[in-house]
Engineer: 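Take this structure, written in structure tokens, and hold onto it; I'll ask about it next.
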Amino acid sequence: GTVGISLLYMLKKSGFSIVEVVLAGAVFIVFAAALSGILLQSLESGRRNADLMAAIAYAEEGLELVRSIHQQGFASLQTVRDGRIERNGSGGWDFTDDQEDRFDQYERRMTIEYTRRDSAGQIAEDGDLDARTLKVTSVVRWESALGQPETVEFSEYVTFWEEPIL
């Protein structure tokens, strides 16, 4: 009876028209393109962050090496240098005059310079030379995956605190 006719009618009507198929395909392509753009941006952001974290670690390692040299003796830092740090024969660390200190794509440059103090005893650009306090700077440069130059820079001060103040 009527149940057989309505079932036959539903089976014929359950197919998709060509317009529905094209519309569904277009919606899928739009969403797929948006998702792939987000995914690519996320991957690039992850790569930039990984490069930045590696550069920060490399710059901080330079400061740690200077602290190690400082613990060996403040006098070894007083010869103001600009260059790289390498292991010496006795298991410690020394500055060398070689300007290039590279690790993978990263180039590190360490500088040590004397500081000056103003009349209030604060570190300043101008003032009296303070031979007991040195400014150490670690600069790491690299080129990003997009070819952009990138830089990370950290500075700290080391002092000869064991010397009595006259």
Engineer: As an exercise, state the distance from CG of Asp51 to CG of Asp104, rounded to the nearest 0.5 Å.
Structural biologist: 10.0 Å
Engineer: How long is the span from the CZ atom in Arg141 to the OH atom in Tyr106, to the nearest 0.5 Å?
Structural biologist: 15.0 Å
Engineer: Can you measure from OG1 (Thr111) to CZ (Arg109) and round to the nearest 0.5 angstrom?
Structural biologist: 8.0 Å
Engineer: Taking atom CG of Asp126 as the centre, report whether more than 12 heavy atoms of other residues, nucleotides or ligands fall under 6.0 Å from it.
Structural biologist: no
Engineer: List the atom pairs, donor and acceptor, that lie under 3.5 Å between side-chain atoms in residues 144-156 and the rest of the protein, sequence neighbours left out.
Structural biologist:
residue	atom	partner	partner atom	Å
Ser144	OG	Leu146	N	3.3
Ser144	OG	Gln148	N	3.0
Ser144	OG	Gln148	O	3.3
Ser155	OG	Thr137	OG1	3.0
Glu156	OE1	Arg67	NH2	2.6
Glu156	OE2	Arg67	NE	2.9
Glu156	OE2	Arg67	NH2	3.3

Engineer: Roughly how far, to the nearest 0.5 Å, is CE of Met53 from CZ of Arg48?
Structural biologist: 15.0 Å
Engineer: Quick check: closest heavy atoms across Val66 and Ile112, and the distance to 0.1 Å?
Structural biologist: CG1-CD1, 4.4 Å
Engineer: Please answer: with hydrophobic residues joined when any side-chain heavy atoms are less than 4.5 Å apart, are Leu52 and Tyr58 in the same cluster?
Structural biologist: yes
Engineer: For residues 23-44, which residue pairs pass the salt bridge (charged side-chain N to carboxylate O under 4.0 Å, His left out) check, not counting sequence neighbours?
Structural biologist: Glu44-Arg47
Engineer: State whether the number of non-hydrogen atoms from other residues, nucleotides or ligands found under 6.0 Å of Asp128 atom CG is greater than 12.
Structural biologist: no
Engineer: If we ignore hydrogens and angles and just use 3.5 Å, is the side chain of Ser36 paired with the main-chain N or O of Ala32 as donor and acceptor?
Structural biologist: yes
Engineer: Kindly give the heavy-atom pair with the smallest separation between Thr115 and Leu134, and that separation in Å.
Structural biologist: CG2-C, 4.1 Å
Engineer: By salt bridge (charged side-chain N to carboxylate O under 4.0 Å, His left out), which residues pair with Arg117, not counting sequence neighbours?
Structural biologist: Asp130
Engineer: Shortest non-hydrogen contact from Gly62 to Ser138?
Structural biologist: CA-OG, 4.4 Å
Engineer: On a heavy-atom basis, which atom in Lys135 and which in Tyr157 lie closest, and how many Å separate them?
Structural biologist: CB-CE2, 3.6 Å
Engineer: With heavy-atom distances below 4.5 Å as the criterion, would you say the side chains of Leu65 and Arg108 are in contact?
Structural biologist: yes
Engineer: I need the minimum non-hydrogen distance between Gly127 and Arg116, along with the two atoms involved.
Structural biologist: O-NH1, 2.9 Å
Engineer: Is there a path of hydrophobic side-chain contacts, each under 4.5 Å between heavy atoms of I, L, V, M, F, W or Y residues, that connects Tyr114 with Val136?
Structural biologist: yes
Engineer: In the single-linkage hydrophobic clustering (I, L, V, M, F, W, Y; side-chain heavy atoms under 4.5 Å), do Val19 and Val22 co-cluster?
Structural biologist: yes
Engineer: Can you get from Val158 to Leu129 by hopping between Ile, Leu, Val, Met, Phe, Trp and Tyr side chains that sit under 4.5 Å apart?
Structural biologist: yes
